[in-house]
Amino acid sequence: EAGVVQSPRYKIIEKKQPVAFWCNPISGHNTLYWYRQNLGQGPELLIRYENEEAVDDSQLPKDRFSAERLKGVDSTLKIQPAELGDSAVYLCASSLGRLAFFGQGTRLTVV
Amino acid sequence: EDQVTQSPEALRLQEGESSSLNCSYTVSGLRGLFWYRQDPGKGPEFLFTLYSAGEEKEKERLKATLTKKESFLHITAPKPEDSATYLCAVQGNYGQNFVFGPGTRLSVLP
């Protein structure tokens with residue numbers, strides 16, 4: 001069974017440019033998370049979806065970040081415009097019940 | 001607010017030298033405590049889930065234990081391939097978010 005798939009794996013952009021990340025969760029997992037992980041730190045939640053509904057987006061910087069999960073399956077996280085401080089690894093995870101499984105992440109570098 | 005701290009921040013062991021990693025937590029009702037392993041450039045990989053104080057789980061050279069305030073990840077006779085960052089996370093009864101600690105970076109030298 002395929003795990004959580006994220007793309008792209010790496011992205012380098014100039015500041016003020018837009019960027020988007022894509023996530024395909026494990027089939028049947030109704031909960032989807034986006035986390036951000038800075039170097040040397042643990043993942044921090046950005047947004048959690050239950051099916052297509054964003055049930056917790058309290059930590060999402062809404063002035064520049066947006067996310068969507070169409071049809072309760074794939075999800076896209078967007079940053080517009082990107083800032084230097086957005087450089088990090090963006091992780092997607094999905095769960096059915098108590099266990100969460102993570103993708104490989106997208107490493108974003110803003111220059 | 002749920003919080004997780006981990007110690008030490010980094011640990012260097014010789015191959016075969018057993019040790020323990022600590023995860024201390026505060027949570028409004030523990031739904032589960034999770035240990036993950038993360039290799040450089042990869043996403044966290046699930047290791048164990050613990051649900052109640054006194055519970056223990058084992059997998060190869062790793063053993064996780066849980067009390068009401070902390071969890072330990074014991075590593076017995078580690079090998080260089082055990083080198084990784086070990087992340088601890090909690091999930092509280094009042095939400096389904098996973099709150100992570102900063103991790104312990106383990107290096108096992110041959």
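Only heavy atoms go into these numbers, but all of them, side chains included; no hydrogens, no water, no symmetry mates. Each chain gets a letter, A, B and so on, in the order the sequences are listed, and its residues count up from 1. Predicted model, so just to flag it, every value in this text is computed and none were measured.
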field: Interchain contact, Glu45(B) with chain A, by part (heavy-atom threshold 4.5 Å)
entry: neither

query: Are Tyr90(A) and Val99(B) in one and the same hydrophobic cluster, where Ile, Leu, Val, Met, Phe, Trp and Tyr link if side-chain heavy atoms are under 4.5 Å apart?
result: no

- request: Examine Ile47(A) and Leu91(A) and state if one hydrophobic cluster contains both, with Ile, Leu, Val, Met, Phe, Trp and Tyr joined whenever side-chain heavy atoms are less than 4.5 Å apart.
  value: no

field: Contact class of Gln6(A) relative to chain B, heavy atoms under 4.5 angstrom
entry: neither

- request: Quick one: pull up CD in Gln91(B) and CG in Leu99(A) and give me the separation to the nearest 0.5 Å.
  value: 9.0 Å

message: Is it the case that over 12 heavy atoms from other parts of the model lie below 6.0 angstrom from the CG atom of Leu84(A)?
response: yes

query: Hey, does the side chain of Gln104(A) reach the backbone of Gly43(B) with a donor-acceptor pair shorter than 3.5 angstrom?
result: yes

query: With side chains defined as the heavy atoms from C-beta onward, is the minimum distance between Phe102(A) and Tyr36(B) less than 4.5 Å?
result: yes

field: Arg31(B) atom CZ, neighbour heavy-atom count above 12 within 6.0 Å
entry: yes

message: Could you check whether any side-chain heavy atom of Leu45(A) comes within less than 4.5 Å of a side-chain heavy atom of Phe100(B), counting everything from C-beta outward?
response: no

query: Do Phe72(B) and Ile75(B) sit in the same hydrophobic cluster, where Ile, Leu, Val, Met, Phe, Trp and Tyr count as joined when their side-chain heavy atoms come under 4.5 Å apart?
result: no

Shared hydrophobic cluster, Leu33(B) / Val4(B) (ILVMFWY, side-chain heavy atoms < 4.5 Å): yes

message: Given 3.5 Å as the limit, does a donor-acceptor pair link the side chain of Arg98(A) with the main chain of Gly32(B), or not?
response: no

- request: For Pro43(A) and Leu87(B), work out which heavy atoms get closest and say how close.
  value: CD-CD1, 4.0 Å

message: Could you check whether atom CD of Gln59(A) has more than 12 heavy atoms from other residues, nucleotides or ligands sitting under 6.0 Å from it?
response: no

- prompt: Given the rule that I, L, V, M, F, W and Y join up when any side-chain heavy atoms are under 4.5 Å apart, are Leu66(B) and Leu21(B) in one cluster?
  reply: yes

statement: Separation between CG (Asn97(B)) and CD (Glu44(A)), nearest 0.5 Å, reads 12.5 Å

- line: Most contact-rich option vs chain B, by heavy-atom pairs under 4.5 angstrom, among Tyr10(A), Tyr35(A), Phe101(A), is Tyr35(A)

- request: Flag this pair as yes if the NZ/CZ of Arg48(A) is under 6.0 angstrom from the six-membered ring centre of Phe98(B) and inside a 45 degree cone about the axis; otherwise no.
  value: no

